[in-house]
J.: 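The following block contains the structure, expressed as structure tokens.
Residue indices begin at 1 and follow the sequence shown. For clarity, every value in this text was computed on a predicted model and none was experimentally measured.
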Amino acid sequence: MRSLSPRQGNVVGVRAGEEETFLSELAERHPRTAILEAWTRLERAARTSLSSQESGESGPGEVSAARLPELLVRAGLIDQPQVTLYHELRRLRREVARDLEPTKEAAQNYVELSRALQSQLDRGA
């Protein structure tokens, strides 16, 4: 196990790199679990980004996953093509949760796409 001591410089960068490796390895061994985990991280990033932009209404924790993209666009965090990607990732996650058996390649693609969208949200937060 690696040590993440403060002396190692960019601890956030190290942690992000380890998360990428973790999800990629998970996609190889357990494609379904990798997709579910990637979605959880993406939804968490969306809610965190909105929390940092909050200016009224209900908090992001109270909003359904289906309505999150609308609020993200309103906050200027994502654009329409990213909304489409978000909805497609959400749809695929639902199918996997309902017993769709994804291939390793499909899981890797899902992880990469969700990571790209999560990265966009993290930059906006």
Side-chain angles (χ1 to χ4, degrees):
M1 191 163 135
R2 293 183 197 135
S3 168
L4 291 178
S5 69
R7 293 174 287 153
Q8 286 185 305
N10 188 352
V11 174
V12 173
V14 170
R15 183 176 295 149
E18 287 179 352
E19 284 185 19
E20 287 181 24
T21 301
F22 170 75
L23 284 176
S24 294
E25 289 174 1
L26 191 60
E28 283 295 315
R29 294 187 179 117
H30 305 285
R32 172 181 278 147
T33 303
I35 288 173
L36 296 173
E37 179 63 22
W39 172 259
T40 298
R41 291 174 185 210
L42 175 59
E43 187 176 355
R44 185 181 319 123
R47 292 182 189 284
T48 299
S49 294
L50 282 173
S51 290
S52 69
Q53 305 269 324
E54 253 328 281
S55 61
E57 291 187 34
S58 57
E62 302 167 16
V63 175
S64 72
R67 191 159 168 253
L68 275 174
E70 172 189 333
L71 300 176
L72 292 167
V73 168
R74 227 185 290 161
L77 296 167
I78 62 174
D79 59 19
Q80 198 55 49
Q82 291 166 324
V83 168
T84 302
L85 174 60
Y86 176 94
H87 284 301
E88 186 62 17
L89 290 170
R90 184 171 165 267
R91 183 187 65 76
L92 290 169
R93 197 265 327 147
R94 273 196 328 262
E95 288 181 17
V96 166
R98 291 182 184 144
D99 290 334
L100 175 72
E101 272 301 329
T103 64
K104 291 175 184 179
E105 295 78 18
Q108 285 289 358
N109 288 337
Y110 187 100
V111 165
E112 289 172 21
L113 290 169
S114 65
R115 188 180 299 138
L117 187 52
Q118 182 179 342
S119 178
Q120 170 68 30
L121 292 168
D122 289 344
R123 281 193 301 273

J.: Does atom NE2 (H87) have a neighbourhood of more than 12 heavy atoms from anything else shown, all under 6.0 Å?
T.: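 Buried by this count: over 12 neighbours within 6.0 Å.
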J.: Does either side chain, that of R115 or that of Q118, offer a donor lying less than 3.5 Å from an acceptor on the other one?
T.: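 There is no such pair between these side chains.
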J.: I'd like to know if the side chain of S119 pairs up with that of R123 as donor and acceptor (distance under 3.5 Å, no hydrogens or angles considered).
T.: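 There is such a pair (donor and acceptor under 3.5 Å, judged by atom type) between the side chains of S119 and R123.
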J.: Nearest 0.5 angstrom please: L89 CG to Y110 OH, how far?
T.: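 Answer rounded to 0.5 Å: 4.5 Å.
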J.: Work out which heavy atom in Q82 is nearest to a heavy atom in L117; give both atom names and the distance.
T.: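 Shortest heavy-atom contact: CB-CD1, 3.8 Å.
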J.: Are the side chains of E70 and R67 in contact, using a 4.5 Å heavy-atom criterion?
T.: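 The answer is yes; the side chains approach within 4.5 Å.
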J.: Counting only heavy atoms from other residues, nucleotides and ligands, does the tally under 6.0 Å from CZ of R91 exceed 12?
T.: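 Count over threshold, so yes.
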J.: Report yes or no: does R29 contribute a side-chain atom to a donor-acceptor pair with the main-chain N or O of A34 at less than 3.5 Å?
T.: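 It does not hold such a pair.
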J.: Hey, is the main chain of S24 close enough, under 3.5 Å, to the side chain of Q108 for a donor-acceptor pair?
T.: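 Yes.
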J.: If we only count heavy atoms from C-beta on, is the V83 to Q80 side-chain gap below 4.5 Å?
T.: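 Yes; the side chains approach each other to less than 4.5 Å.
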J.: Are L121 and L42 close enough that some pair of their side-chain heavy atoms sits under 4.5 Å apart?
T.: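 The answer is yes, as the side chains (C-beta and beyond) meet within the 4.5 Å cut-off.
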J.: Nearest 0.5 Å please: distance from the CG atom of L36 over to the CZ atom of R93.
T.: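 The CZ atom of R93 is 7.0 Å from CG of L36, to the nearest 0.5 Å.
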J.: I'd like to know if R98 and E95 make a salt bridge, using a cut-off of under 4.0 Å between side-chain N and carboxylate O.
T.: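 No, R98 and E95 are not salt-bridged.
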J.: Keeping the roles fixed (side chain from R32, backbone from A97), state whether a donor-acceptor pair exists under 3.5 Å.
T.: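 Such a contact is absent between R32 side chain and A97 backbone.
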J.: What I'd like to find out is whether the side chain of R41 reaches to under 4.5 Å of the side chain of S114, using heavy atoms alone.
T.: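 R41 does not reach S114 side chain to side chain.
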